[in-house]
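Input: one structure, supplied below.
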Amino acid sequence: MKAKKIKEGIYWVGAIDWNLRNFHGYLTQRGTTYNAYLIIDEKITLIDTVKSNLKDEMLKRISDIIDPSKIDYIVSNHVEMDHSGAIPDIMGLAPDATIITCPNGEKGLKAHHFLGYKYKVVETGEKINIGKRNLEFVLTPMVHWPDNMICYVPEEKLLFSNDSFGQHLASSARFDDEYPLDIIMLEARKYYANIVLPYSKPVQKEIEAAKTLDIEIIAPSHGIIWRKYVKEIFSEYIKWASSVTEKKAIIIYDTMWHSTEKMAFAIQEVFEDKGYIAPVISLQHNHMSDIMTEIITAEYICVGSPTLNKNILPTVAAFLTYLQGLAPSNRKAIAFGSYGWGDKSIPKITEYFENSGFEIIDTFKVKFIPTEEYLKNMQETLNEKIK
Ligand code: FEO
């Protein structure tokens with residue numbers, strides 16, 4: 001297992017989790033990487049580590065360049081265990097090394113029982129000289145966890161961006177010009193939609209800070225390293241963080257006897273006639289983390305469920321719970337569904353919409369099976385309301 005040179009004296013020494021398919025509920029169908037980076041300078045510096053089960057892979061890559069016992073600094077940009085999990089292994093080999101982290105990072109690492117180590121705590125704007133290079137830190141709390149920070153190396157125009165700009169994507173390619181760009185962008189969008197989205201405000205602050213830096217390479221904690229398409233991913237991040245939507249309506253549903261499904265397709269027709277991109281997505285066949293990838297750019301979110309036992313179908317409830325947690329802002333919503341005798345699905349769906357802060361445009365319910373006439377009326381009503 002070889003290290004991969006990023007620049008003279010700087011190497012990727014992370015691990016590739018080829019077969020990971022579930023990252024706490026996120027379907028990682030292309031696996032992932034945990035990116036650690038080694039800087040050879042007067043002070044040998046390791047930027048982050050990997051998930052503990054892959055520590056040997058990281059240690060082999062470090063050993064390809066240098067004896068791991070020579071590491072002086074471990075920069076911990078993020079406490080989450082997929083990045084800090086192998087810190088004890090490095091500290092076991094290099095017990096005199098110092099962990100550089102922010103105040104919340106120190107608290108978090110100690111709460112993960114990383115005790116008895118030397119810590120150097122940094123704040124935004126602080127610089128640490130490691131020889132020919134400097135490490136400059138910007139704290140980015142809540143760009144996932146309270147302890148996130150990013151680290152910039154001005155001499156190399158290199159940003160270690162932590163969770164931002166990452167993707168769950170396992171590959172032998174390390175750079176964005178070595179892998180199909182559309183797949184990297186799709187996975188970056190999925191990562192944003194499922195992990196970073198609730199923290200869009202802190203991301204906006206991070207973007208403002210990053211705009212002041214001269215960046216040639218973005219090295220995130222997961223996936224491919226950006227060197228050719230830095231501007232492109234940056235401009236996507238600006239859009240995602242500020243909830244810029246497209247002319248897109250997403251119609252998500254589950255159904256028992258196809259009545260709610262008929263309503264879904266009737267709603268889709270209205271949007272399509274108005275020139276919207278309008279995918280119809282059944283919760284029986286699609287993973288909610290993939291649906292989020294679509295939702296991030298959708299102006300309208302339409303959700304349908306029949307009533308089941310005074311409630312909605314569990315698939316729809318699970319999806320709405322997930323959506324509410326991720327909290328995309330500035331969205332319009334439509335609820336729809338069929339019922340047999342107790343029409344309970346619409347109040348349940350709209351309650352989720354209200355808790356998510358969506359603007360409810362309309363709701364549609366039908367007893368048992370929608371007639372052609374009902375569907376036509378529903379379409380006419382929607383036609384009036386959608387610009
Ligand atoms: Fe892969 Fe928030 O960490």
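Not measured: the values here are computed from a predicted model. As the structure lists them, so they are numbered: ligands from 1, and atoms in each ligand from 1. The figures here come from the full heavy-atom set of this structure, side chains too, leaving out hydrogens, waters and symmetry mates. Along the sequence shown, residues carry numbers from 1.
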(Q) Keeping Asp290 on the side-chain end and Asn286 on the backbone end, is there a donor-acceptor pair under 3.5 Å? (A) no
Q: Give a yes or no on whether a salt bridge exists between Glu372 and Lys376, defined as a side-chain N under 4.0 angstrom from a carboxylate O.
A: no
Q) Can Thr32 and Asp17 be counted as having a side-chain donor-acceptor contact under 3.5 angstrom? A) no
Q. Do Thr33 side-chain atoms and Asn35 backbone N/O form a donor-acceptor pair below 3.5 Å?
A. no
Q: Tell me yes or no: between the side chains of His144 and Glu80, is some donor less than 3.5 Å from an acceptor?
A: yes
Q | Ring geometry between Phe23 and His222 (parallel below 30°, tilted from 30 to 60°, perpendicular above 60°) | A | perpendicular
Q | Neighbouring protein N, O or S atoms of atom 2 (Fe) of ligand 1, below 2.8 Å | A | 4
